[in-house]
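Down below is the structure, laid out as structure tokens.
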Amino acid sequence: MFTAPGFSDALKKVSFSVASNVSLDETASAATFFVPLTHGFETWGDTLAFEGTATIMQPQSLPLFGGTSPPELLALFTTPTTQNALDAVQQTWKAQLGAPDAWRDALAQGVVPNTARTPAAVALRPEAVSASLKPLPALAPQELRLVTQPDPHLWDGRFANNPWLQELPRPLTKVVWDNPLMVSPATAKRMDLVNGAQIEMTVGSGAARMPVWIVPGQADDVVVALFGYGRRVVGDVGSGTGFDVYPLRASDGAAITLEKTGRQLPLATTDHHDVLEAPADDIVRHGTLANFQKKPDFLKGDEHGPMLYRNPPTQAVAWGMSVDLNACIGCNACVVACMAENNVPVVGKTAVMHEREMHWLRIDRYYEGPAEAPEAFFQPMLCMHCEEAPCEVVCPFGATVHDQEGLNVMVYNRCAGTRFCSNNCPYKVRRFNYGAYSKDEHRAPESRNPDVTARARGVMEKCTFCLQRIAKTRIEHDRDGTREQAVTACQAACPTQVFTFGDLNDHESEVVRRKASPLDYVLLPEQNTRPRLTYEALIRNPNPDIPA
Amino acid sequence: MSATTMRAPLIEDVVKPGETVSSMTEQVCAVALGERNYLWWWIALVPSAALLGLMVVSVLWLFYQGIQVWGNDWPNVWGFPIICYVWWIGIASGGTFISAFFFLTRAEWRTSINRTAETMTLFTAVCAGIYPILHLGRPWFFYWLFPYPNTMTLWPNFKSPLMWDFIAIFAYIISSVIFWYIGLLPDLAALRDRARSRYAQIAYGIAALGFRGSGTQWRHFRGIYGVMAGIMAPMVCSVHSVVGLDFAGGQMPGWHATDYPPFFVFGAVFSGFATVLLLIIPIRHFWGLRAYITQRHIDVLCRLTLTASCCVAYAYLMEVFSVYYGQDPAELRMFHARVFGFDASVYWATIVLNCLIPQLYWFRTIRRNIPLVVLISVGVVAGMWLERYGIVIQVPHRPHLPSAWGYYHPTFWDWSLFAGTCGLFLTGFLLTIRFVPALSMFEMREVLTGRNPSS
């Protein structure tokens, strides 16, 4: 009902309707009956992969809150008697699997072997593409074209009740908890708009009011509206966030006009700076392929300045990380993985507006060049685990110290919250619990990682390089002498393998190989922090035929 | 009368001619012993106590909600509490500077105002002392800063400037209380002897710690007082240097500067002199002490304020110089945001109030114009608050990485706690000048005897 605006009127004409879902939504609340479904992890079932391979789903737990599973519900409609999900699935597959052990093999393997479909031979019909491209109606002066797109994190709205995704900064705008209408800098200048200014958008006979957000690099005659927000019935987290764009979807591509209402609406963003002023060899070091070929380490610079103290002694294991800026696409998957792994609390829109978000890992987005056509850069930013950590010196309680493997660790019990460590961190990766954010989340204890402490009010926290995973590999090493190898949560979640983590003393490790790259560089080397995390500089190969 | 008496003499007397030891003692004791009209005192006390009540409410709310009630954010993890802490401790330093440093130099004008200056130090230091504790995320653990023996054999981190700060402030508050109280003993004894009510006699008698004015007691008294003054005078410089190191010890562009310790000492005594002016002007008026706190004192304090203003201006100039001489890009970005950014008015107001307006004190007519002196002093006190706003708030707006830039917005509870500590200061100060002599009587007697041996 939420994604198809005409559906609610149509539903009124039906005298009997049943909706089933794992949670209450707009459709369910309008239907005559609502059947609560169990989650996919709580029931038997079967499903197909993209190429047709069948898999049999086993429940991971008993249903936490009761409910009916899809096979049981379908059986109710199709057979005179009730049937449980396991029987229904077995009945479906018994004949197809044949041999008695095949069921157990299929469960063990996770897939039913040899069930992939044979690809159909299809030919491309280029003329179909050109035939489907209808010329867009011309724009009158002062008119703009509306483009609608799904929200990058909530998608069509199905994830609207997920607080991690709500508070996950949008890749370019870094806006959270909202879906403002995105306008180009030139449009904003012409109409004298600032971020958060409310506008009235007129599309044909309809109109909508929402705030705007200025996006550098967006085409001048286009406004972009993200749908997926504005859910009315979705749960405590998502209801009433953002603006419902679905009624406008039919007008995708249509000409619209904007008018300022003069009101300013509060929008939360995790980013408060303008176009990057720093030079190309400073923060996000980047250059062209041509320069790289001339001198591969042209972006390296000085790694360390002179030191008064001797270096800490090297131990058996020295953890380090390499972050490849060439691979980062700014998708933020690592950020949400970090929140899940480390029980990082969600603070809510108001607290983000107070600049109190808690993300241990953030993706910094920088622009370079003119606002009309800038180049965008992404830089994952997390604790650098400096060998000469400025945070450690200034803590009067000794609440942040170095461990024997070179990790900069936080002792939450010892922290009384002077916050000097955050002031002294050149990378600003420390986060402070201004409120009792973990406690206020009202999450089921089962939803947290049991290996990670939930932090109390008044305590500083930061990235630990997933210390609990390191502890696990250390225990395995002590038990059977296997090589200590850990994968951090961000590394595991990254679709493009930006992060490489490992032991710097193990000369065969991938992280050592990566750090040997001529592109390897230290962020803010003049601070003399000797970070264990280094970056690999970004190399781009711009096509000379495409004007900047 | 000759023409010379028509014009005010270039150096005026520290006491009005004709005053005697007994008239002075009579007038000063009358206040403490309840023999005067206290209407203005009540008018001042009631709103001050109300503000103190507001402070209690603010602190309770803070303990209940945590420091999310304030405007502190990321990157501005330090906010109003640290501004106000530095501001209060700065004012305190000015008081000690007058009473200890000018005791050692035997400046005769110091005698009339040292009690006011010391009392001011006492209560401003208390206001300053509570702020860093309230500022903690978990204030109930502040005692972890003590190097006390504990079962985990943990020491505080002696490398941390906050540790030095804790030691410096703790030592300073204790020394200030002792210095103030020792200096009070002969006067408390005098009040004991003059009090008519039995309760007052007992109360002042206990407070006087058995001081009877014997030769041995005076010898011991002078020895201790001299030693304390000798300790306090350098301590003023060390305390505020350490406050400066709280910032200079950090790596933030804009804080990481070797000139911070002296720069902070200049600013501290500057605001202290101005506050002493703001306190002695009403006291001499309402307690009828114009004969002992004369134009001379106001003139001297104005000159001191002017001197400190020039020192502060020098520090500001050096700050500008080091930014441009150093050419560190992060520091340049930070400084340009401070000077030309959206809240640049704070920086320029600091310059005008602290450096430009006090230059009026070069003119004698201005120094003799009481309303103008009050206005300029209020400007200095406000200007020094704004200076700390610039240091604590505006500098962290612009850390090294642009992705961490941010803004700061104080909340109602930031302001209410600040107003509340003003209430704490005023209430404490008013109660003190009501019940103990506002002038150091025993030291005044020396001045009066020296000037007017016949008395």
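Chain identifiers are assigned alphabetically (A, B, ...) following the order of the sequence lines, protein sequences preceding nucleic acid strands; residue numbering begins at 1 within each chain. Keep in mind that what you see is a predicted model, and the values were worked out from it rather than measured.
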Quick one: what part of [X] sits under 4.5 Å from any heavy atom of chain A, side chain, backbone, both or neither?
{"X": "B:Tyr407", "value": "both"}
{"X": "B:Trp164", "value": "neither"}
{"X": "B:Asp165", "value": "neither"}

Inset, instruction - Give a yes or no on this: more than 12 heavy atoms of other residues, nucleotides or ligands lie within 6.0 Å of atom CZ of B:Phe158. - result: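 Buried by this count: over 12 neighbours within 6.0 Å.
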Inset, instruction - Against chain B, label A:Phe420 side chain, backbone, both or neither, depending on which of its atoms sit under 4.5 Å from a heavy atom there. - result: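 Interface part for A:Phe420: both.
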Legend entry - Contacting moiety of A:Arg431, where chain B heavy atoms sit under 4.5 Å: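 Looking at A:Arg431, just its side chain touches chain B.
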[X] [atom1] to [Y] [atom2] distance, which is reported to the nearest 0.5 Å:
{"X": "A:Arg419", "Y": "B:Leu162", "atom1": "CZ", "atom2": "CG", "answer": "10.5 Å"}
{"X": "B:His256", "Y": "A:Gln527", "atom1": "NE2", "atom2": "CD", "answer": "7.5 Å"}
{"X": "B:Trp74", "Y": "A:Arg430", "atom1": "CH2", "atom2": "CZ", "answer": "13.5 Å"}
{"X": "A:Lys428", "Y": "B:Met252", "atom1": "NZ", "atom2": "CE", "answer": "4.0 Å"}
{"X": "B:Leu154", "Y": "A:Phe397", "atom1": "CG", "atom2": "CZ", "answer": "12.0 Å"}

Legend entry - Heavy-atom pair count under 4.5 Å with chain B, highest-scoring of A:Thr418, A:Val401, A:Asp364: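 The answer is A:Thr418.
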Inset, instruction - Report yes if the side chains of B:Val77 and A:Tyr434 come closer than 4.5 Å at any heavy-atom pair, otherwise no. - result: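 Yes, close enough: below the 4.5 Å cut-off.
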Legend entry - Student check: side-chain heavy atoms of B:Asn72 and A:Phe432 closer than 4.5 Å: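 Not in contact.
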Legend entry - Contacts of residues 356-363 of chain A with chain B (heavy atom under 4.5 Å):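 Listed by number: A:Arg356, A:Glu357, A:Arg362.
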Legend entry - Donor-acceptor contact below 3.5 Å, side chain B:Asn157 vs main chain A:Val394: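 It does not hold such a pair.
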Legend entry - Any donor-acceptor N/O pair, B:Arg138 side chain to A:Cys415 backbone, under 3.5 Å: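 Between the backbone of A:Cys415 and the side chain of B:Arg138 there is a qualifying donor-acceptor contact (under 3.5 Å).
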Legend entry - Leading residue by heavy atom contact count with chain A [cutoff under 4.5 Å; candidates B:Trp78, B:Phe141, B:Tyr408]: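 Of the options given, most contacts go to B:Trp78.
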